[in-house]
Amino acid sequence: MKFDKFTIKAQEALATAQQLTMAKSHTVLSPLHLLSALLTDDNGLVPMLLQKIGTSISRLRDMTESELRRLPQGTSSGQIMPEAA
C-alpha cells in the first residue's frame, strides 16, 4: 500500500491509529483503531458528518473504546500489520 498516495489527513489518521494500536499493546491495526483515531479529531470531517446525522459522538467514542478493550494484547515484532480482511 502506498501511503504517500493518501491525503495528509488520511495519513494522519492512519498514523494516529497505529500509535493507538501500539499504546494499547495490540498486534494488529483494526478498523476500530482507525475509527477511534477519526473520532478523536474534533475538527475533522468524520465527527462533523456523524453529528449532522444525529450520532452521539461521545457515545460512539465510548462504544469504540469498549470494543478496543476487548481486543487481545501481545507483543509485536516492531511492525504493526493491518487486520486481514
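- No side-chain donor-acceptor contact under 3.5 Å links Gln73 to the backbone of His26.
- Residue Met63 is not grouped with residue Leu71 when hydrophobic side chains (ILVMFWY) are merged at heavy-atom distances under 4.5 angstrom, including chains of intermediate members.
- Heavy atoms only, all atoms of each residue included: Asp41 and Lys9 are closest at OD2-NZ, 3.1 Å.
- Side-chain atoms of His33 and Ser30 form a donor-acceptor pair, as typed in the model, at a separation below 3.5 Å.
- Closest approach of Ala37 and Ala13 over heavy atoms only: CB-O, 3.5 Å.
- A side-chain donor-acceptor contact under 3.5 Å links Thr64 to the backbone of Leu60.
- Between Leu34 and Leu14 the shortest side-chain heavy-atom distance falls below 4.5 Å.
- Residue Leu49 shares its hydrophobic cluster (ILVMFWY side chains chained together at separations under 4.5 Å) with Leu45, Met48.
- A donor-acceptor contact shorter than 3.5 Å links the side chain of Thr16 to the backbone of Glu12.
- We find that Arg70 and Glu65 are not joined by a salt bridge, their nearest charged nitrogen and carboxylate oxygen being 4.0 Å or further apart.
- No donor-acceptor pair under 3.5 Å is formed between the side chain of Thr55 and the backbone N or O of Ile57.
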Salt bridge (charged side-chain N to carboxylate O under 4.0 Å, His left out) between Asp42 and Arg61, intermediate numbers included: CA-CA 12 Å; Asp42 291 326; Arg61 283 180 184 149; 2.5 Å; yes

